[in-house]
Amino acid sequence: MDENINDNYIDRSPKGMRLVFGIFMIAIYLGMGALVLIDFFQFEWQWMRYVMATVFIVYGIWRAERLFDPRFKATRRFFGRKGSDAAVIAACVVSMAIFSSCGNRPKPQNTSTSGLISIVCDESFQNIINQEVEVFEYTYPKANIIPIYADEHAAIDSLISLKTQFIVTAHQLKPEQVEYVRQERGTCFTQKIAVDAIALIVNPKNPIEILSMSEIGEILSGKVTRWDELSPSKLDSILVVFDHQGSSTARYMKDSLLAGADFAKNVYAAGSTPEVYEAVAKRKGAIGIIGVSWVSSDMKAKTMSIEERVANLKENDVTQTEFDTNIKVLKVRRDDSIEAFKPYQAYIYDGSYPLYRPIYAICAGVMGSLPHGFFSFVTGFNGQKIIQQTGVLPATIQPRMVNLN
């Protein structure tokens, strides 16, 4: 033994089982520190995660030094001999306090039917998703879903930037976007939930009844600017109103009828779908372009309470759809056809009505999570029947209708 060692020093060199136990405890502390650092325990407060990780790792290193360096040289130089013991005791106290606070604080539950999430939806489909959320939350009282309505680009960006795990849009993600979401979230489900028709609405005092696809294109491009250019009318200028400039509805009409070209100067964004409706109801010369769910509804479901609507989902009845009488819904015909159609579900289903587009639900939530639970509900029978009652064509339920006038 080194003769320079103080006589009061007690040899604590590890031997036998003491060595095995010491190494085991070091691995425990360092392993716990690593798990806390990678947020294995999903702390609500991130500062707590870093504090606990630091405590475990520092204490694990201290244990290793004590085990393999009997003289505690590094620790004694930093704290002094008594200070090293005080530092360890303080670390243990902090660790116990934090564990205690974590244990007493109730952790938020998130299952397929409980928890709190926000979803982002194309504003054009607000009327549909509001009803889906209302029935889902009534069916599962422990679930809280906060819908956020934005334009299509914002909805997709929110999923790509990992701000939400559920969106509803009129377009699927690009392959590279799907791959990115899968890498970040572990999964990405996409399913068509409905086919939405684009309804053309005018003031009831406007005598126009039918527009062809080419006439709609000429209105949007500015080639036709007056109602009397289409048919005998006392009305003059045409005012075209969309919900807002970045909406999927505006994009659909631009891509389908103008090949991506710009709208004419008489095309305006009202700011929201209800404002489109209001503008048409007030101005005789206005024509609004909105999703069909905003102007149609199941005649029975319209006056039902939430309890009656949920009970009605279990019945296999005939859907009776009519349009709001405060506005007029125009018939639309293809250029190669003399027959025109209104956007009823049966005509959307067989393709007779020409202005329609798919609606997709995209979910990045793992199975067993609330986002995936809501995704399963919307794509399931009850969710599809709710869509049917809004006037939109559900993806998996064939329409059976009456009152097709």
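Being a predicted model, the structure only gives us computed values, none of them experimental.
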- Message: ring-ring contact (aromatic ring centres under 6.0 Å, His included) for Y353 and F341? Distances and angles first, verdict last.
- Response: CA-CA 6 Å; Y353 187 80; F341 300 90; 8.3 Å; no
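- Taking the charged nitrogens against the carboxylate oxygens, E209 and K328 do have a contact shorter than 4.0 Å, which makes a salt bridge.
- No donor-acceptor contact under 3.5 angstrom links the side chains of S231 and S233, judged on distance only.
- Between the side chains of S256 and R357, no donor-acceptor pair of N or O atoms lies under 3.5 Å.
- Contact detail for I287 and V280: the closest heavy-atom pair is C-CG2, 4.1 Å.
- Across all non-hydrogen atoms, the minimal contact from G365 to P371 is CA-CB, 4.2 Å.
- The NZ atom of K174 lies 10.0 Å from the CD1 atom of I160; values are rounded to the nearest 0.5 Å.
- Interatomic distance, CD1 of I148 versus NZ of K163, reported as 10.0 Å (0.5 Å rounding).
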- Given T111 and L370, is the side chain to side chain contact (heavy atoms under 4.5 Å, CB included) satisfied, shown in steps? CA-CA 5 Å; T111 69; L370 185 53; over 6 Å; no
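- Formation of a donor-acceptor pair under 3.5 Å by the N266 side chain with backbone atoms of L239 is not found in this model.
- Taking the six-membered ring for Trp, F374 and F136 have ring centres closer than 6.0 Å.
- Enclosure of atom CD in E184 by more than 12 non-hydrogen atoms of other residues, nucleotides or ligands within 6.0 angstrom is indicated.
- Looking only at atom types and distance, the side chain of D335 has a donor-acceptor partner in the side chain of S214 under 3.5 Å away.
- Taking the six-membered ring where the residue is Trp, the centroids of F323 and Y344 are separated by under 6.0 Å.
- Between the side chains of D243 and S247, a donor-acceptor pair is found at a separation under 3.5 Å.
- Looking only at atom types and distance, the side chain of T164 has no donor-acceptor partner in the side chain of S158 under 3.5 Å away.
- Across S248 and F125, no two heavy atoms sit closer than the pair OG-CZ, 4.4 Å.
- For the residue pair N130 and Y149, a side-chain donor N or O sits within less than 3.5 Å of a side-chain acceptor on the partner.
- Between D336 and R334 there is no salt bridge, since none of the side-chain N atoms of the basic residue sits less than 4.0 Å from a carboxylate O of the acidic one.
- The nearest pair of heavy atoms linking Q388 to Q345 is O-NE2, 2.7 Å.
- Between V329 and K342, the closest heavy-atom pair is O-CE, 3.2 Å.
- Scanning all heavy atoms of the two residues, the minimum distance from S221 to L258 falls at CB-CD2, 3.8 Å.
- A tilted orientation is assigned to the rings of F375 and H372, their planes being inclined by 30° to 60°.
- We find the CZ-CD1 distance between R226 and I238 to be 9.0 Å, quoted to the nearest 0.5 Å.
- Judged purely by distance below 3.5 Å, without hydrogens or angles, the side chains of T190 and Q172 never pair a donor atom with an acceptor atom.
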